[in-house]
Amino acid sequence: MSHLTRLADLGYSLPEVAKPLASYVPAVRVGDQVWTSGQLPVIDGNLPATGKVGAEVSVEDAQEYARVAALNALAAIDSVVGLDNVSRVVKVVGFVASAPDFVEQAAVINGASDFIGELFGEAGTHARSAVGVAVLPKNSPVEVEVIVEISK
């Protein structure tokens, strides 16, 4: 089954690729890999929430925002090589704008990792970093980067 078909079966479709906020491109192909720039949980051009996880944003909401950011990363990958050409997800990097005493960054980025695993199956098993930061662009609660291997 193609990744796009599986995505539709899960009830999702790829959004438009988010426009860069500064001097970069959404994704770059290097050999047989595609690396995305950090993707925010933008929906129809807007952030659904702002603020720090553990203060203004709950873990559960932040997990959903991490899923949205991962979906935006997949759209960026699709724009470069086509999502169906992805043979494996190599790495996910997640940044969580964290309240000073918040320590559940890994749980937040599970929103992205679990979604990728559900979509890609075994090929979605990936290395990962989940990093707490003071602030993210536009005061976003999360940001996600994805690196994939491609077959073509």
Strictly distance-based, threshold 3.5 Å: is any side-chain N or O of [X] a donor or acceptor partner for the main-chain N or O of [Y]?
X	Y	result
D78	L83	yes
R128	G94	no
K91	V146	no
S79	A76	yes
N85	V81	yes
N72	A18	no
H3	V86	yes
S87	E149	yes
T125	E122	yes
R29	I77	no

Please check if [X] and [Y] belong to a single hydrophobic cluster, counting links between Ile, Leu, Val, Met, Phe, Trp and Tyr side chain heavy atoms closer than 4.5 Å.
X	Y	result
L47	V59	no
V42	L21	yes
F115	V90	no

Would you say CG of D44 has more than 12 non-hydrogen atoms from neighbouring residues, nucleotides or ligands within 6.0 angstrom?
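No, CG of D44 has 12 or fewer neighbouring heavy atoms, counting only those of other groups under 6.0 Å.
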Should we count CD of E16 as having more than 12 external heavy atoms under 6.0 Å?
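At most 12 heavy atoms, drawn from other residues, nucleotides or ligands, come within 6.0 Å of this atom.
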Using side-chain heavy atoms (C-beta onward) and a distance below 4.5 Å, is [X] in contact with [Y]?
X	Y	value
V144	V93	no
E104	V96	no
L7	F120	no

Gap between atom [atom2] of [Y] and atom [atom1] of [X] - 0.5 Å precision:
X	Y	atom1	atom2	value
D9	L119	CG	CG	10.0 Å
L14	L4	CG	CG	5.5 Å
F95	E145	CZ	CD	4.5 Å
Y65	L40	OH	CG	13.0 Å
L74	T36	CG	OG1	8.5 Å
R88	I150	CZ	CD1	15.0 Å

Distance-only side-chain donor-acceptor flag, T50 / E56, under 3.5 Å
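No, because no side-chain N or O of T50 sits under 3.5 Å from a partner of the opposite role on E56.
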Taking all non-hydrogen atoms of both residues into account, name the closest pair between S58 and D61 and its distance.
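What the structure gives for the nearest pair is OG-N, 3.0 Å.
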At their closest point, which heavy atom of P20 faces which heavy atom of P26, and how far apart are they?
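Minimum heavy-atom contact is CG-CD, 3.9 Å.
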